[in-house]
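Let me begin by presenting the structure, written as C-alpha cells, before commenting on it.
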There are 2 protein chains.
Amino acid sequence: MRRPTMTDVAREVGVTAKTVSRVLNDDGPVAIETRERVMAAVRKLGYQPNLMARNMRVGARDAAIGLVIPEMGNPFFGTVAGGIESAVRARGLTLIVGSSSETADLEQSLIATFLARRVSALIVVPSATGDHRYLRSERVAGLPIVFLDRPAVGLTADSVVSGNRSGAQAGIAHLIGYGHRRIGFIGDLPATLYTRRERLQGYRDALEEAGLPFDRALVETGHDQEAARAATLRLLALENPPTALFAANNFASMGAVVALARAGRRDVALVGFDDLPLAEVLDPPLTVVAQDPAAIGEVAAELVLSRLDGDRSRARRALVPTRLIVRGSGELSP
Amino acid sequence: MRRPTMTDVAREVGVTAKTVSRVLNDDGPVAIETRERVMAAVRKLGYQPNLMARNMRVGARDAAIGLVIPEMGNPFFGTVAGGIESAVRARGLTLIVGSSSETADLEQSLIATFLARRVSALIVVPSATGDHRYLRSERVAGLPIVFLDRPAVGLTADSVVSGNRSGAQAGIAHLIGYGHRRIGFIGDLPATLYTRRERLQGYRDALEEAGLPFDRALVETGHDQEAARAATLRLLALENPPTALFAANNFASMGAVVALARAGRRDVALVGFDDLPLAEVLDPPLTVVAQDPAAIGEVAAELVLSRLDGDRSRARRALVPTRLIVRGSGELSP
DNA sequence: TTGTAGGCGTTATCAA
DNA sequence: TTGATAACGCCTACAA
C-alpha cells in the first residue's frame with residue numbers, strides 16, 4: 001500500500017536510485033537503453049517523484065510562494081490571486097494562500113507558517129493595522145517579499161499598488177468638469193488606511209487644481225455597504241449638500257447606489273472607485289475609476305520572479321494605472 | 001547567512017537536537033531549566049522549525065490540502081475557498097490552490113503537482129469535460145478526495161453540491177405561483193454540465209407538479225453574460241414568448257438583467273439562481289435562489305477532516321440547501 | 001531526563 | 001555511463 005519511491009523503481013530496473021534520478025531530471029549522461037527501462041518501470045509502478053523530499057534536498061526552499069490576502073471571497077483580491085497564480089505556475093511554482101480577515105494577528109501567524117514551510121517568496125496584502133519590522137531579517141536573508149495594494153509599514157520592500165491618487169484625481173476632475181463644486185467623499189475605515197489617504201489626497205489635488213475649497217464636512221466614512229449608505233444620507237442631509245459623490249471603494253459605491261436609489265435621488269452625480277460587475281445595469285449606469293486587479297497580480301508576480309532570478313536592485317513601488325469608465329452616473333450636471 | 005537548524009540551537013545550548021525537538025513539540029520530559037535555555041537560544045538565533053523536513057519525517061504527507069477551482073476571481077468559488085481555508089487552518093493544515101480555467105488539462109496537471117507534493121487531501125471543482133478515473137489508485141490508497149459543486153465523473157467519491165434541483169424547483173414554483181405559465185430557462189454550456197442538468201430538472205419538476213407543459217423552445221443557453229443577453233432577446237422574440245425568465249446561474253442573471261433593462265421590459269418576471277451583490281439595487285430588485293458558498297466550503301472541509309480522522313464509510317453526497325430571496329423581480333404577474 | 005543510531009526520499013560528490 | 005556514500009532537517013525507537 002506504500003507509495004513507490006525512487007529506490008523501488010531502481011530496484012525494479014536493477015540500477016541505483018541516482019540513475020533513476022538522472023533519468024527523471026535529465027541530469028547527466030544515461031544510456032538510452034537504461035533510460036527506457038527506467039521509464040517503463042516508472043509507468044509500471046505508477047511512481048510519482050516526491051516534491052517534498054526534492055525541495056528539501058535541493059534548495060532548502062519550497063517551490064511555492066505564499067500569498068496573504070484579506071478575504072478570498074472579495075473578487076478584487078480573488079482576481080489578484082488568480083493573476084499571481086497563473087504567472088507563477090508558468091515557472092513551476094505553486095501558490096499557497098491564506099486570508100487574514102484584515103487582522104494583523106492572523107496575518108502574522110500565516111506568514112509564520114509560510115516561512116516555516118520555507119516558501120521561495122512572500123506576497124502580502126498588509127492588514128490595516130500591521131507593522132512589518134519583524135520581516136526585516138527575512139529581507140536581509142534575501143527572501144523576496146512584495147506588498148500588494150498597500151505598502152509595508154516599518155519595512156523597505158517592493159510594493160505594487162493602484163494609481164490611487166491619480167485615479168481619484170481623475171474621477172473628481174471629471175465631476176468638476178460637469179460643473180460640480182461641492183463633491184462628497186465616502187472613504188474606508190480607518191482613516192489612516194493607505195488607500196483611503198491616497199484617494200483622499202487625489203480628491204484634494206483635483207479640488208486645488210480647479211481652485212475649489214476643501215470642506216471637511218464633505219468627507220464621510222463608511223467601512224461597509226451599510227455604513228456607506230448611512231454616510232450618503234448624512235451627506236445629502238447637510239445644510240449645503242453636495243451635488244456629486246465620490247465613493248472611494250466598491251462597498252462605498254454600493255452603499256451610495258442603494259441610498260440614492262431608495263431616496264429616488266437621480267439628480268446626484270456619482271463616481272465610484274473600483275468597478276462593479278453590474279455597473280452598467282444600474283440606473284443610471286455607474287461611472288467608475290476602474291482598477292486592474294489582474295494586472296496588479298501579474299506585476300507582483302513578475303517582480304517576485306525577477307527577485308528570484310537574482311535582481312538585487314533597491315525596493316521598487318510599481319503603480320498600476322486606473323481607467324475612468326464613463327457610463328452615466330458621473331455625467332449628471334448639478 | 002544560512003538559516004539556523006535545530007542542530008545549531010542544540011549546539012548553542014550544549015544539548016542534542018533531540019532535546020530541542022522535545023521542547024519545541026512538547027514531547028517527552030524536559031527539565032524546566034533546559035527548556036528555558038532552549039527557548040532562549042531559539043529566540044537568540046531566530047530559529048524557525050523547517051516544516052518541510054518535519055512533514056517528510058512524520059507523515060510522509062504534507063500538512064496541506066490541495067484545492068482546484070475554475071476561477072479565483074469568481075466570488076462564488078472565492079468564498080468557497082475562504083470557507084475551506086479557515087476550517088482547515090484550524091487543524092493546522094495549509095491551503096494550496098490552483099485554478100483550472102475550467103479545462104481538464106490544467107485541472108489534471110494541477111492535481112499531479114499536488115499529488116507530487118504529497119498533500120494530505122484533495123478538494124476539486126471538476127471541470128465540465130473531465131474524467132477522473134485516473135484518481136482511482138489515489139482513492140484506493142486512502143487519499144481523501146472531495147468534489148465540489150459537481151460530482152466526479154468515472155469515480156466514486158465524496159461530493160458537496162448545492163440543492164440545485166430543489167432550488168430551481170422552488171424558484172420556478174414561485175413564478176408559477178404568481179400566475180406564469182410560460183417560463184424561459186437560460187442555462188450554462190455545455191448542456192451536459194451537472195449543475196445545468198440538475199437545475200433544468202428542477203424546472204421540469206415544477207412544471208410537472210403544476211400540470212404545465214414542457215416546451216423545449218423555452219430552454220435557451222448562454223454561457224457568459226453576453227451570450228445570456230442574446231439568449232434573453234431570442235426568448236422575448238418568440239412567437240409565443242415567456243412572461244417570466246429563470247436564469248440558471250449568475251452570468252445568465254446578469255445577461256438577462258441587462259437585456260430586460262435595455263429593452264425597457266419591466267413587465268417580464270425574473271428569478272436568478274445564485275445571488276448577486278447588487279441584486280437589491282436593481283430595478284426591479286432581483287429575486288434569487290441563493291446558494292451558500294461559505295457553507296459549501298465548510299461542509300467540504302469537514303468531510304475532508306473526518307476522512308483524515310479515519311472515517312472509512314462509503315462515499316457521501318452532501319447537499320447544501322438554497323434559499324429563495326424575494327426582492328421584486330420574481331413577483332411580477334403576467 | 002537526555003542521548004545515539006537510523007531513516008524519511010531525494011540529490012551532490014566523487015570514484016569506478 | 002553508473003554506483004557508493006553522504007547529506008538535507010527532522011523525528012522515532014531505543015538505550016543510557
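Here is how names work: the chains are called A, B, and so on, in the same order as the sequence lines, proteins then strands, and each is numbered from 1.
Side chain B:R22 to base C:dG3: a donor-acceptor pair is found below 3.5 Å. One N or O donor and one acceptor, one from the side chain of A:R57 and one from the base of C:dT11, sit under 3.5 Å apart. For A:R3 against C:dG9, a side-chain-to-base donor-acceptor contact under 3.5 Å is absent.
In plain terms, the two heavy atoms of A:H132 and A:F147 that are nearest each other are CD2-CE2, 3.7 Å. Residues A:P126 and A:V124 share a closest heavy-atom pair of CD-O, 3.3 Å.
If you take CG of B:D27 and C1' of C:dG3, they are 14 Å apart, rounded to a whole angstrom. Rounding to whole angstrom units, CZ of residue A:R61 and P of D:dC8 are separated by 16 Å. Atom P of nucleotide C:dT10 and atom CG of A:N55 are separated by 12 Å, given to the nearest angstrom.
Here B:T16 lies in heavy-atom contact (under 4.0 Å) with a base. The residue A:M56 sits close to a base: some heavy atom pair falls under 4.0 Å.
Among the nucleotides C:dT11, D:dT1, C:dG3, the one closest to the side chain of B:T19 is C:dG3.
A close approach under 4.0 Å does not occur between any side-chain nitrogen or oxygen of B:N50 and OP1 or OP2 of D:dC8. Note on B:S21: a side-chain N or O is less than 4.0 Å away from OP1 or OP2 of D:dC11. Taking side-chain N and O atoms only, B:T34 has no distance below 4.0 Å to OP1 or OP2 of C:dT1. Between A:N25 and C:dT11, a side-chain N or O to OP1/OP2 separation shorter than 4.0 Å is present. Dashed line: the shortest gap from a side-chain N or O of A:T5 to OP1 or OP2 of C:dC8 is not under 4.0 Å.
Counting heavy-atom neighbours within 6.0 Å of A:D311 CG, excluding the residue itself, gives a total above 12.
Between A:P4 and B:V30, it is B:V30 whose nearest contact on DNA chain C lies nearer the 5' terminus.
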- Task: Report the C-alpha distance between B:T103 and B:E107 in whole Å, list the side-chain angles of each, state the deciding distance to 0.1 Å, and finish with yes or no for side-chain contact (heavy atoms from CB on, under 4.5 Å).
- Result: CA-CA 6 Å; B:T103 69; B:E107 175 191 324; 5.9 Å; no
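A side-chain donor-acceptor contact under 3.5 Å links B:S162 and B:Q291.
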